[in-house]
Structures are given as C-alpha cells and as structure tokens.
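These notes concern the structure reproduced below.
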Amino acid sequence: MPGKHLSGDSGQQCRRCKENVSVLVVRSEPLCRDCFIKYVHTKVIKRMESFRVRNTAPDQQRKILLAVSFGVSSVSLLNILDHHLQTQKAKTGRTGFSLNIIFVNTSSVDSSAVPLDLRQRLQERFSEYHFTSVGLQDVFNDPQRDALHDIAPGLEVAGDSSPLQQLETLFKSLKTAAGRADVVSTLRTRLIVQHAKALGCEGVSWGDSTTKLAEKTLSETAKGRGFSLPWQTADGESPLGITFNYPMRDVLKKELVNYAEMTDPPLSSLIDYSTLSAPTTVNSKTTTIDDLMQHYFESVEENFPSIVSNVVRTTGKLEAPSTSESQVRCALCSMPVEDGRFGIHGWGGDQQDGVAYAPGESGPLCYGCTRSAPRNP
Amino acid sequence: MRTSLCALCKENRSVIIRPKDRAKLCKLCFINVFETEIHHTITTNNLFHRGEKIAIGASGGKDSTVLASVLKTLNERYDYGVELILLSIDEGIKGYRDDSLETVKRNAMQYEMPLTILGYEELYGWTMDQVVEQVGKKGNCTYCGVFRRQALDRGAARLGVKHVVTGHNADDVAETVLMNLLRGDLPRLSRTTSIVTSTPSASSDPASNTNIKRSKPLKYAYEKEIVMYAMHKKLDYFSTECIYSPEAFRGSARTLIKKLEQVRPSSILDIVRSGEDMAKLVPGNDEGCGGTCSNSIPVADEEEGGCGSANGRTAGGEMATMEQQLAQNEVASENALEVDLTTPKVNGQRNDRHNSGTVPLPNRRKGKKGGEAFIPKKAPTKQTMGTCERCGYLSSQKICKACVLLEGLNKSRPKNGLEISYDSQPKEESSVNGIINGLEKTAIAGD
C-alpha cells in the first residue's frame with residue numbers, strides 16, 4: 001500500500017537511491033525518507049514549470065496567491081513552494097515568482113476554528129511572505145457584492161448593515177448543512193479571487209491533492225454542477241478572470257500526511273488536523289455532501305489509490321466550453337451558465353407542465369447554487 | 001393528533017412523504033403526480049408516436065412492472081395510440097428468473113398485453129447458470145449485460161418492433177454516472193445519460209435486428225417512488241434480487257448514492273442533471289447531449305448496466321483489477337518519463353490507458369482478455385459502427401462483444417479445468433501478486 005509505514009525491521013532497501021533503508025512504500029516502491037521527500041517535491045515542482053526563473057523578466061516579478069486553509073495539503077504546498085523559491089534564489093540569484101498567502105476565516109458561519117497560535121506559528125516560519133487573514137464576511141466588501149444581494153431574502157434591505165450581519169442574514173436563510181457548507185466554499189473562492197486581483201496576482205495556487213480533486217469531482221457532480229467541473233478542477237484560466245493552479249494534483253492526501261511528518265522540520269505544529277478525516281456517521285441534518293465524498297475517498301485511497309488518480313485524470317479530459325466576458329453568470333459562484341439555464345426548472349428532470357423557467361426569477365443562480373441556496377425556503 | 005393535509009389537493013390527509021422533494025401528499029395525488037411526471041417525460045421527449053408498436057423489456061421486477069402499468073394507464077388516459085407488448089429475456093438463472101418470469105406471465109394477463117419470452121439458451125446456447133459455472137461469479141454481470149442487450153434487440157426484431165422501453169430509473173442513471181467517473185469511462189458516461197439511444201441499422205433490411213430504438217421513460221423517476229407506486233397500486237411484482245453479485249463499481253456507486261439521497265433528496269436528480277451537462281463536455285462528442293437536443297440520438301451501448309440488483313456484495317474484484325492495471329501504467333509512464341521526457345507516445349496518447357508506451361503488447365492483450373468489463377478499448381472519439389462479422393449484430397469492432405464472450409465460453413466448454421484459467425485466472429492472480437509477476441502472467445496468457 002502506498003504511504004504505508006513499514007515497521008522498523010522490515011525496511012527494505014530504497015528502490016531509488018539503493019543505499020538507505022526504506023521508511024515507507026509509495027505506490028508499490030519502497031522509499032527512504034530523502035527519496036520520498038524528493039518524490040513529493042518533484043511531483044509538485046513539475047506542475048510549476050511555467051514559473052521557472054527563465055520564464056520571468058528580471059524587472060517584472062510575477063505574483064501568485066496561495067490559499068492556505070491550515071489543512072495538510074495547503075501547508076505542505078507552502079513548504080514545498082518555499083523550498084522551491086530558496087532553490088531558485090540559490091541557483092540564479094532571483095526567483096521565478098513571488099508568493100502571497102491568504103487565509104479565509106469562516107468560523108463566523110461554520111464550526112471551523114483554526115487556532116490563533118497555528119496562524120502565528122505559520123507566519124513566523126514563513127515570515128518572508130505577505131500573509132493576509134480575512135473573514136468570510138469581507139465578501140460583502142466586494143464592489144460586485146450587489147449581485148450577492150439577490151441571493152437571500154432580506155439581504156437587499158440588509159444592504160446597509162455591517163458585512164458580518166449581512167453574512168449572518170444570508171446563512172440564516174440556508175436550511176441545510178450541505179447547503180451552508182457549499183455556500184461557504186463558494187464564497188471563500190470568491191473572496192480569494194477578489195484579493196488575488198487586488199494584490200495584482202496573476203493566479204491562485206490551490207493546495208488540492210489528487211484525493212481532494214477526486215472528492216470535488218464527485219461532490220460537484222452530486223450537487224448538480226457537472227457543467228462547471230473543468231473550471232473547478234483544471235489548471236489554467238478560470239472563468240473568474242484569473243489563473244487557477246493545482247500543483248498538488250499528482251500527490252495523494254495520505255502521501256502528504258506522511259510528507260508533513262517527515263519533512264525537516266516537520267509541519268505538524270502548523271496543521272489543523274481536525275478536518276483530516278470525515279465524520280463516519282451519516283446524519284441528514286449535519287452531514288454535508290463534501291463530508292460524504294471525503295469519507296468515500298478515504299477508503300478508496302486506502303485500497304485503490306490509482307482509481308483516485310484516474311478520476312482526476314478523467315475529469316481533466318472534459319473540455320470546458322469557451323467563455324466570454326459577456327456570458328451570463330451565476331450570481332453566487334460566478335460560473336458561466338450556458339444559454340442562461342438558471343435555476344432548477346426547465347429541463348427534463350423537472351417534470352412539470354407549465355412551470356417554465358422565468359429569467360431572473362431566482363437570482364439568477366446556476367442549478368447547483370439554486371439547490372444550495374433556494375430562494376423559497 | 002397532528003394530521004396534515006395533502007399539499008396538492010388540500011383535502012385528503014397526507015400519508016406519503018415524497019422521496020424526491022419531501023412533499024406531503026395523499027395517496028391519490030401521489031399516484032396522479034407520479035403518472036403525470038412520466039407523461040411529461042414522454043411528451044417533452046417525443047418518445048412515442050401514434051401507431052407505434054412498443055415492447056416493454058419486462059423482468060417481473062418493480063421497475064418494469066411499474067413501467068408496464070403506467071404506460072398502460074397513460075396510453076388509455078392520453079390516447080397515445082401505441083400498441084404495448086411485453087418482451088422478457090430468460091437469462092436462465094434458477095431460483096431467480098424462473099420465478100420472476102411467472103410474475104411477468106401474470107402481468108401479461110393483468111395488463112392484457114401479449115408476452116414473448118426469449119432465452120439465452122436458445123440464443124447463445126448458454127444459460128447464465130452455465131456461464132457462472134464456467135467463469136465464476138466475478139464478472140458474470142458483463143456476460144449477462146452484453147447478452148441481454150442483444151437479446152432484447154433480437155426479440156424485438158422477431159416481433160417486428162422498432163422500439164424497446166426499459167425500466168431504468170433515475171437511481172440507475174445516477175449510479176451509472178458516478179460509476180463511469182470512477183472507472184474513467186467518458187464515452188459511456190456521455191451515452192448513458194441519454195433518454196433515447198439507438199442501434200442505427202447498418203443494413204437496409206427492415207427486419208434487421210440492429211435498427212432498434214431504446215428509451216427510458218422512468219429516467220427521472222426515483223426508485224423509492226417506483227416502489228411506493230407499486231405498493232399503493234398493489235402491483236404484482238417480484239422483489240428478489242438476482243442471486244449473482246453485481247460489479248463492485250456499481251455497488252460502490254450505489255451505496256454512495258443512497259447516502260447522498262439521505263443528506264439531500266434531490267441529489268439523484270442532480271447527478272442525472274450533471275451527467276447530461278457533462279456529456280456535452282466529452283471531447284469529440286457531438287451526439288451525447290444527454291437527450292436534450294432533438295436531432296441527434298446517441299448510439300446505444302453494447303452493454304447497458306443496471307440490472308437492478310446490487311448491494312455491493314462483492315469484495316471489489318473489479319476495482320482491484322483496475323487498480324492493478326492503472327498502477328502498472330503509472331509505473332510504466334513514470335519510468336518512460338524519467339528516461340525520455342519527449343517520448344511522444346507517452347504524452348500524446350492521452351486517452352489510451354492500456355497503451356502507455358513501455359508495455360504495449362502484454363497490456364493490450366490483457367485489456368482484451370481480462371479487462372473487458374471496465375476498460376474501454378477505445379478513445380472517446382465517435383464510434384464508427386459496423387456489423388459483427390459473425391452474427392451481423394451492430395458493433396464498433398470486427399466481432400461484437402457477445403461473440404467475443406461466446407468464443408471464450410465455447411473454447412473452454414469441451415475440455416475443462418485447465419482452460420478456465422485462460423480467462424479468469426490471470427485477472428485474479430495479478431491482483432494478488434506483484435506488478436511484474438502479474439505482467440509476466442498476462443503475457444503468457446495472452447500468447
């Protein structure tokens with residue numbers, strides 16, 4: 001089993017360096033610590049090829065915004081990119097890009113609470129990078145926030161209240177845990193993009209591992225957002241007007257758990273492990289679709305890691321339709337909606353006569369967002 | 001006492017909570033709304049035309065029994081003017097199909113529809129019981145699926161019917177969408193969401209068994225509502241599941257869907273919607289628009305899954321085999337990449353998973369012999385359809401899947417024991433042994 005620890009005595013010779021004793025088996029290869037760390041770094045750096053030093057003009061620093069959630073993957077990515085930048089500097093005297101870090105605090109509307117000392121430790125360890133911490137309510141400071149006001153009843157009139165109050169009004173209108181979790185992640189993405197643009201970054205790097213991208217594929221499918229999958233999982237220009245990059249897409253989550261422990265110094269003290277495993281019991285009130293998928297892929301990853309990668313590879317083959325600025329978009333997730341097919345009505349699965357889709361009726365929200373944030377409770 | 005009134009008629013007491021949207025309805029309104037929705041599906045997709053003779057693929061199970069009952073009701077109520085007949089396939093599974101066929105016979109009398117039963121034994125010379133005896137329980141669903149598809153078409157051709165309707169419901173479609181994502185099969189994903197499929201005729205012979213239209217009027221109907229409908233209408237159906245185990249991928253997807261439905265009842269419909277939308281994003285796919293565009297009908301699948309019997313009881317043999325195969329390819333492409341970064345074979349063949357450059361021959365063979373069930377042999381380009389050299393059935397290959405499977409079965413029939421390993425053994429062993437070991441074995445088996 002990849003990523004599985006071997007007990008001390010059974011350590012075989014490392015398949016790569018043929019010198020050291022292996023400490024774990026990665027995709028059926030026994031590897032020593034050093035070769036494993038190198039393996040992870042190589043997989044990630046390969047994804048950063050367009051940010052090589054030689055691709056950058058010396059007088060123009062390219063900027064990337066790294067979204068950090070304090071989970072294993074994003075903290076590991078920060079560590080790897082930091083290492084990469086130090087290497088670039090040592091080799092060429094300059095770097096191919098500069099790094100900004102952003103953390104979105106969503107604790108006002110969900111149960112996540114990243115301890116303050118984690119944040120402080122992370123900032124101390126990676127002190128050379130600009131670190132921003134914002135609350136989710138900041139999304140209402142967006143110049144385009146007006147679009148958000150159509151989403152929940154009462155938000156239009158609440159327009160003058162504080163962003164936090166507006167956020168609370170919005171979340172009070174959401175009836176299910178699955179819907180709330182979905183809206184949190186949508187708003188989080190929105191806020192990160194907003195900051196990336198404000199900071200002059202050309203793109204956002206996300207820490208999503210292979211496992212996370214596979215979860216996302218199935219959960220967005222389950223949420224009725226199959227149409228937007230290529231935009232949500234592929235590297236490149238996103239319809240949000242900025243480049244998205246998933247450098248960890250070739251590394252499994254369990255490999256990153258090992259990486260965070262084995263890298264020197266370990267990253268464990270910077271990571272919020274509370275979100276590492278999904279709740280095992282299904283409760284229709286509190287379980288979210290993302291929870292279900294996380295739980296599902298935990299077991300698939302354990303026994304069938306290549307199937308996890310294959311899901312991501314398969315999604316990567318879907319072709320995104322061409323987008324243009326003028327296209328109609330969902331008021332919440334900002335994804336282009338083909339032919340303005342907003343809402344949940346007006347398709348084969350909506351089997352009612354006479355309920356034709358009325359444009360502008362509900363936001364307008366895309367199919368998936370309408371499921372998460374229905375206007376009529 | 002807290003009684004609430006039906007949300008629709010506002011008169012009767014509500015006794016049903018609709019699984020689809022948790023609406024509280026009385027029995028009459030539920031039956032009415034369920035039927036009306038299927039009528040809506042039929043009319044908006046123009047599934048039927050007046051004077052058409054339609055065969056209902058009837059298994060005696062809940063889906064096809066409800067389908068027969070609803071179609072009879074709607075045909076009378078809305079005067080579709082279609083002629084409905086029942087077509088049953090006898091797979092030859094003792095203790096399951098023989099009992100369910102008795103149900104179909106009763107249905108034929110209850111609904112006053114003529115019934116035709118066509119057996120695998122008659123068509124192929126093999127009953128499923130014999131197939132399972134030969135190949136074991138793993139992967140037998142592939143045989144059954146491939147055989148059934150052809151059997152229905154052949155039966156329809158015999159009866160002079162050009163249209164077969166099947167009882168595939170929303171849960172089946174959603175399950176297939178997730179399953180095909182899990183096994184990385186985009187071409188099938190795009191075909192499966194379509195409400196109408198067809199096997200366009202390659203010959204001009206009107207009696208050709210390849211020019212049969214297929215449709216799924218229950219595509220948007222929830223399995224739970226189908227059960228409720230059958231219960232409240234007191235329909236006579238057979239509820240025992242097939243005794244042979246389902247594919248692991250399907251079982252795994254099914255379990256997941258049941259949980260999703262618990263968390264958000266609309267999930268099943270939402271997955272169907274996603275599947276329809278994703279079909280449009282599959283490269284080279286100008287046909288599978290999920291049944292939403294009118295002028296193009298996707299070519300039907302040679303094996304349409306979802307025989308309605310899956311609880312994920314297998315140990316995951318298919319998943320293990322696929323895992324093994326994918327892992328081999330990963331290692332192969334990794335090694336190739338380390339040696340030569342620009343090998344066009346490795347980078348260029350983005351869709352052909354078996355053929356990753358370094359291990360072409362053994363792997364390919366393996367895909368043909370052992371991995372038939374879940375590895376698509378073709379890239380997701382449009383299929384070019386021809387007819388099978390042996391039986392004349394429509395096929396994208398020289399020889400159709402059924403004939404390939406039959407060949408394997410017949411080869412091992414006269415002898416016994418030793419030759420069985422030819423088909424099923426390498427698969428099992430390679431999932432136990434190491435990669436290299438497995439590779440050698442398949443290479444030998446392929447020779």
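The sequence lines fix the lettering, A, B, ..., with proteins before strands; numbering per chain opens at 1. Excluded from the calculations below are hydrogen atoms, water molecules and symmetry mates; all remaining heavy atoms, backbone and side chain alike, are included. This one's a predicted model, so the numbers in the text were calculated from it and none came from an experiment.
The environment of A:K253 atom NZ is dense: over 12 non-hydrogen atoms of other residues, nucleotides or ligands sit within 6.0 angstrom. Within 6.0 Å of the NZ atom in A:K18, the count of heavy atoms belonging to other residues, nucleotides or ligands exceeds 12.
A pairwise comparison of heavy atoms in B:S267 and A:I289 identifies OG-CD1, 4.3 Å as the closest pair. Shown here for A:P321 and B:L281, the closest heavy-atom pair between the two residues is CD-CD2, 3.6 Å. Between A:M293 and B:L256, the shortest heavy-atom distance links the atoms SD-CD2, 3.9 Å. When every heavy atom of B:M319 is checked against every heavy atom of A:Y296, the shortest pair comes out as CE-OH, 4.4 Å. Shortest non-hydrogen contact noted between B:V263 and A:T287 is CG1-O, 3.3 Å. The two residues A:L318 and B:M278 make their nearest non-hydrogen contact at CD2-O, 3.9 Å.
Of the possible polar contacts, one joining the B:E323 side chain to the A:I307 backbone as a donor-acceptor pair under 3.5 Å is found.
Both the backbone and the side chain of B:L182 have a heavy atom closer than 4.5 Å to some heavy atom of chain A. Neither the backbone nor the side chain of A:T286 comes within less than 4.5 Å of any heavy atom of chain B. Of the atoms belonging to B:K258, not a single heavy atom falls under 4.5 Å from chain A.
Using a 4.0 Å cut-off between a side-chain N of Lys or Arg and a carboxylate O of Asp or Glu, B:D270 and A:R371 qualify as a salt bridge. Taking the charged nitrogens against the carboxylate oxygens, A:R341 and B:D277 do have a contact shorter than 4.0 Å, which makes a salt bridge.
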Item to check | side chain to side chain contact (heavy atoms under 4.5 Å, CB included) between B:Q262 and A:N283, intermediate numbers included | outcome: CA-CA 8 Å; B:Q262 242 179 299; A:N283 176 327; over 6 Å; no

Item to check | B:M322 and A:F304: CA distance, side-chain angles, deciding distance, side chain to side chain contact (heavy atoms under 4.5 Å, CB included) verdict | outcome: CA-CA 9 Å; B:M322 180 167 178; A:F304 312 111; over 6 Å; no

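How far NZ of A:K223 is from CG of B:L260: 10.5 Å, rounded to the nearest 0.5 Å. For the atom pair CG of B:L326 and CG of A:N310, the computed distance is 4.5 Å after rounding to the nearest 0.5 Å. Between the NZ atom of B:K259 and the CG atom of A:D291 there is a distance of 11.5 Å, given to the nearest 0.5 Å. Note that OH of A:Y367 is 6.0 Å distant from OG of B:S266, once rounded to the nearest 0.5 Å.
Side-chain contact check for B:R264 and A:S372: at least one donor-acceptor pair (N or O, by modelled atom type) lies under 3.5 Å.
Ranked by non-hydrogen atom pairs under 4.5 Å with chain A, the options B:I268, B:L269, B:V177, B:V272 are led by B:L269.
Between B:R273 and A:F227 the shortest side-chain heavy-atom distance does not fall below 4.5 Å. The side-chain heavy atoms of B:S274 and A:E220, taken from C-beta on, include no pair separated by under 4.5 Å.
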